[in-house]
Structures are given as C-alpha cells and as structure tokens.
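As structure tokens, the structure follows; a few thoughts come after it.
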2 protein chains.
Amino acid sequence: MTAGRTARDRVRAEITREIKEAARARLAESGAHALSLRAVARDLGMVSSALYRYFPSRDDLLTALIIDAYDALGARVEQAAASGAPRVRWHAACAAVRAWAREHPHEYALVYGSPVPGYEAPQTTIPSASRVPLTLIAIVRDAPELTPTPAPPLPPDLAAQAARTTALVAPDLPDDVMVRVAAAWAHLYGLIGFELFGHLANTFDPADALFAWTVETMADTLGLP
Amino acid sequence: MTAGRTARDRVRAEITREIKEAARARLAESGAHALSLRAVARDLGMVSSALYRYFPSRDDLLTALIIDAYDALGARVEQAAASGAPRVRWHAACAAVRAWAREHPHEYALVYGSPVPGYEAPQTTIPSASRVPLTLIAIVRDAPELTPTPAPPLPPDLAAQAARTTALVAPDLPDDVMVRVAAAWAHLYGLIGFELFGHLANTFDPADALFAWTVETMADTLGLP
DNA sequence: ACAAAAACGAGAGCACTGCTCTTGCCGGAA
DNA sequence: TTCCGGCAAGAGCAGTGCTCTCGTTTTTGT
C-alpha cells in the first residue's frame with residue numbers, strides 16, 4: 001500500500017506515515033482525548049490546515065490509528081501463537097495480548113476502551129480487529145483433540161449464533177467450542193481491562209498471578225491438550 | 001448530605017444537584033467527550049464561570065458523575081441480589097449489571113470504559129465502586145455450601161493476594177473462592193464491555209443468549225447451589 | 001445591630017481546539 | 001510551454017476550559 005506509482009504518491013504516503021507516527025507518539029503519552037491535530041502539525045513543522053490534505057478530520061486520523069493498533073496487536077499475537085502445543089500457544093497468545101496492552105495502554109484503550117467519537121465502527125476496521133479472535137479460534141481448531149469440562153447445553157438461539165459464526169471462520173468447529181472461545185475471549189478482555197484501568201487496585205494488582213491462573217482455567221475449560 | 005444548615009447551603013446543594021442532573025442528561029445523549037461545561041451552564045441559564053463555584057474543573061464534574069453512576073449501579077445490583085437462592089441471586093445480580101449498562105451506556109462507559117482524563121482514580125470513588133463486587137462476594141459468602149468445579153491450585157503469591165483481599169471484605173471466604181469471584185467479575189465486565197462497545201457485532205449480537213449461558217457457567221464454576 | 005468577611009453571578013478575556021476558505025506556489029502531464 | 005491538480009500557508013469562525021475582576025448578596029463575628 002505504500003508503493004505509490006508517481007513520486008508525488010510516494011511522498012504522500014511517506015507524509016501520511018509521519019503524521020500517524022507523530023500522532024501515535026502524542027497518543028502514547030497523553031491519551032486519545034488530548035490528541036490535538038494542531039499539536040501533531042506543530043511537531044511536524046506543518047500548519048494545521050495542511051494536515052487536512054491527509055486526513056479529512058480528527059476522527060479519521062483516530063480511525064487510522066485504531067486500524068494500525070489492531071494490526072500491531074494482531075501481528076504480535078499471531079507471532080506469539082505461531083507454534084507449539086495447543087495449551088502453550090494459548091498461554092502465549094493471551095500473554096501477548098496482555099503484554100501489548102501494558103506496553104501501549106493508550107492505544108489499547110483506544111481500540112478496546114469506550115469508543116471515543118459518537119461511536120461508529122467503520123467496516124474497514126473489521127479485518128484488523130478480527131485478527132486476535134481468529135488467532136484464538138485457530139489455536140482451538142488446530143488442537144488434535146479437546147477434552148472440555150462439562151458445561152450447560154446450548155439453548156437453540158445460542159447454538160444458531162455459534163453455527164453462523166463458525167460457518168464464517170472455522171466451519172469444522174463444534175458450536176459449543178465456539179461459544180467457549182467467545183466466552184474466553186471476553187474473559188481475557190475483561191481481565192486486561194480491569195488491570196489496565198485500575199479496577200484491581202489494592203486487591204489483585206499486580207495481576208500477573210491472577211492472569212496466569214485464569215488463563216490456565218480457560219485452557220481447562222476449552223479442554224486444550 | 002443534602003441537609004445544609006443555612007439557607008445558602010441548601011440552595012448550594014440544590015444547584016449542585018441541578019448541575020449534575022443537566023450534565024447527566026448531556027452525557028446520556030452525547031457521551032463524555034462531548035460534555036461541555038458551557039453547554040451545561042447554558043442549559044441552566046447560568047454563565048459558564050458561575051459553574052466553577054460548584055465544580056473546580058470539568059474533571060471534577062466528571063468525577064462527581066462517576067461516583068453517582070457507581071452508586072446508581074451499585075444500588076440497582078444490591079436490590080436485584082437481595083434475596084433468593086444463591087444461584088438465583090447470582091443471575092439477578094449479573095443481569096442487573098447488564099441491564100443498567102444497556103440503559104445507561106454512556107455512564108457505564110464513563111466508569112468502566114477507558115478513564116477519560118489523564119487518569120486518576122480519586123480515593124472517594126472507591127466505596128461506591130466497590131458496591132457491585134462486594135455484592136457478588138456476598139452472594140458467594142452467603143451460600144450455605146459450595147460445590148465448585150476442579151481448578152488449578154493457587155500459586156503462593158496469588159493465594160497471598162486473595163488472603164489479603166478476603167481479610168478486608170469477607171474474612172471467612174476460602175482463598176480459591178475469592179479468586180474465582182474475581183475472575184467471574186472480570187468475565188462479567190468483559191462480556192458487557194464486548195456487547196456495549198460493539199465487539200460482538202455479526203457474531204453473538206444480540207448477546208442475551210451468550211450472556212445467560214456464560215453467567216450459568218460462572219455459577220457452576222463457583223459451585224453455587 | 002452593625003461591620004467585616006465570605007460566597008456568589010456576571011462579564012471580559014486568554015490560550016487553545018477542530019475545521020473552512022482563500023491565496024499563492026510548484027511539479028508533472030498534455 | 002502551458003495548463004492543471006495537489007500542496008502548504010495563513011486568516012478566520014465558532015467553540016472550549018479556565019482565570020480574573022467587579023459589584024451584589026448573604027452569612028458571620030463582635
């Protein structure tokens with residue numbers, strides 16, 4: 001995507017990249033609510049109006065940063081979960097999400113915290129946002145055999161939703177396993193959110209032990225070998 | 001706290017209440033990032049500078065709204081979980097959190113989403129913020145007998161954190177049960193966050209079935225009768 | 001009961017924001 | 001060579017959080 005044909009296209013891609021980089025730097029130290037187009041422009045020695053040639057609005061800049069964050073997190077998790085026994089991959093993937101979140105708290109808050117603008121979720125973010133859950137699903141799908149713990153049977157509507165979802169991403173996955181993965185993914189997200197946003201203060205903070213134990217119980221629930 | 005001694009104290013409390021009410025109205029329809037002190041002042045027919053007699057900054061107004069939101073949610077959950085068999089109370093409490101979150105999405109995002117300001121968590125919010133987790137703990141503590149599912153043993157540091165926490169809130173609770181409640185609370189938070197912030201779109205949305213099933217498995221994990 | 005002190009609402013003003021519009025400039029295509 | 005489109009710059013608009021000052025009103029201490 002950076003391969004522009006003409007020289008002008010190439011410098012445009014380059015400047016776009018620099019803008020995002022500067023914005024990411026400001027985001028990392030001040031948070032999304034304090035990300036100002038004018039400040040970013042000043043950091044780059046431009047005037048603020050020039051920025052609008054590259055991003056039609058502040059929200060569009062944020063959307064670009066959101067996609068980049070999803071992709072950075074997704075790549076990190078995919079790499080962490082690339083090989084090994086299923087349970088090892090599971091731990092590695094979960095630990096990678098947490099590690100990235102702790103290293104980039106403001107970017108994590110941008111994508112997984114409360115939606116910043118009047119909230120819209122542009123369709124363009126979906127592929128990037130799906131990378132982490134798809135990785136988790138792949139770990140379970142690739143497991144040779146699962147020995148999950150007993151659980152309540154799925155009511156018909158839940159089974160239908162699970163079937164619709166598996167049809168899209170992992171056709172051979174049993175419905176109840178799909179539901180368990182979704183629940184585990186929400187659990188992981190909840191745990192990291194609690195830690196990152198300070199809801200574990202004075203109780204289970206630092207959260208390393210609680211995190212490791214919970215991830216292990218998730219693997220048990222899924223029946224990963 | 002509204003019982004001021006002098007007439008001035010009483011009108012001050014009344015105006016403070018009106019300001020919070022107007023701010024909450026704006027919050028409910030526009031979100032925290034669009035909450036403007038000047039707009040609130042206009043709604044009340046005041047000039048913006050007059051508002052600073054009641055709240056020293058915008059963040060202080062938000063903090064007041066956060067405490068109110070914690071208390072509203074806490075009261076709702078406490079009432080929902082007031083009586084019945086432990087498992088019934090558990091379902092009622094979880095459903096109450098979700099219902100309140102769906103009815104007041106922006107307020108929920110304010111307290112449980114990414115921290116809006118440069119993030120500080122004033123000590124004054126702690127008692128209000130603790131009401132929901134304390135209610136969940138009380139349900140488990142009040143259960144006559146628990147038959148939890150097998151789980152990995154607690155590593156020493158996790159057991160120590162759990163012991164420290166139980167000593168504060170439920171001295172007679174076994175450590176591993178405390179850890180399970182904490183994990184369940186994070187799970188609940190994660191599930192609601194996913195639903196509210198649109199991360200279940202096109203998969204498990206509407207989330208009623210996934211929510212009910214997951215809450216049931218949490219009750220199983222805790223061994224609630 | 002009266003004066004000092006504190007609290008209050010209104011207004012002007014500062015520095016900042018997102019965003020628009022206009023004005024020139026300069027490089028690549030016809 | 002002459003256009004024309006993308007570009008940076010600047011001015012400007014409406015809005016923001018917040019501070020300060022200035023009269024007025026209410027409470028408090030003597």
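Naming convention: chains lettered A, B, ... in sequence-line order (proteins, then strands); numbering from 1 in each chain.
The footprint of chain B on DNA chain C, defined by a heavy-atom cutoff below 4.0 Å, extends from C:dA7 to C:dG13.
Residues satisfying the side-chain contact (heavy atoms from CB on, under 4.5 Å) test with B:A129, not counting sequence neighbours, are B:Y70. Residues passing the ring-ring contact (aromatic ring centres under 6.0 Å, His included) test with A:F55: none are found, sequence neighbours excluded. For A:R131, the salt bridge (charged side-chain N to carboxylate O under 4.0 Å, His left out) criterion is met by A:D71, A:E78, not counting sequence neighbours. For A:E107, there are no salt bridge (charged side-chain N to carboxylate O under 4.0 Å, His left out) partners two or more places apart in sequence or in a different chain. Residues forming a salt bridge (charged side-chain N to carboxylate O under 4.0 Å, His left out) with B:E103 (at least two apart in sequence, or on another chain): B:R76.
Heavy atoms of A:F55 sit nowhere under 4.0 angstrom from any nucleic acid atom.
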Reading nucleotides 17-30 of chain D from 5' to 3' and marking B where a protein heavy atom lies under 4.0 Å of the base, S where only the sugar-phosphate is that close, and - otherwise, the string is BBBB----BBSS--

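Sequence neighbours left out, the pairs with a member in residues 184-205 of chain A that pass side-chain hydrogen bond (donor to acceptor under 3.5 Å, both in side chains) are A:R98-A:E195, A:R102-A:E195, A:H187-B:H187.
Regarding B:L61, its CG atom lies at a distance of 14 Å from the P atom of D:dT16, rounded to whole Å. Note: CZ (A:R42) to P (D:dG10) measures 14 Å, nearest angstrom.
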Could you pull out every donor-acceptor pair under 3.5 Å between side chains of residues 40-52 of chain A and any protein atom, sequence neighbours left out?
| unit_1 | atom_1 | unit_2 | atom_2 | d |
| --- | --- | --- | --- | --- |
| A:D43 | OD1 | A:R26 | NH2 | 3.3 |
| A:D43 | OD2 | A:R26 | NE | 2.8 |

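Between the A:R24 side chain and the A:L65 main chain, no donor and acceptor come within less than 3.5 Å of each other.
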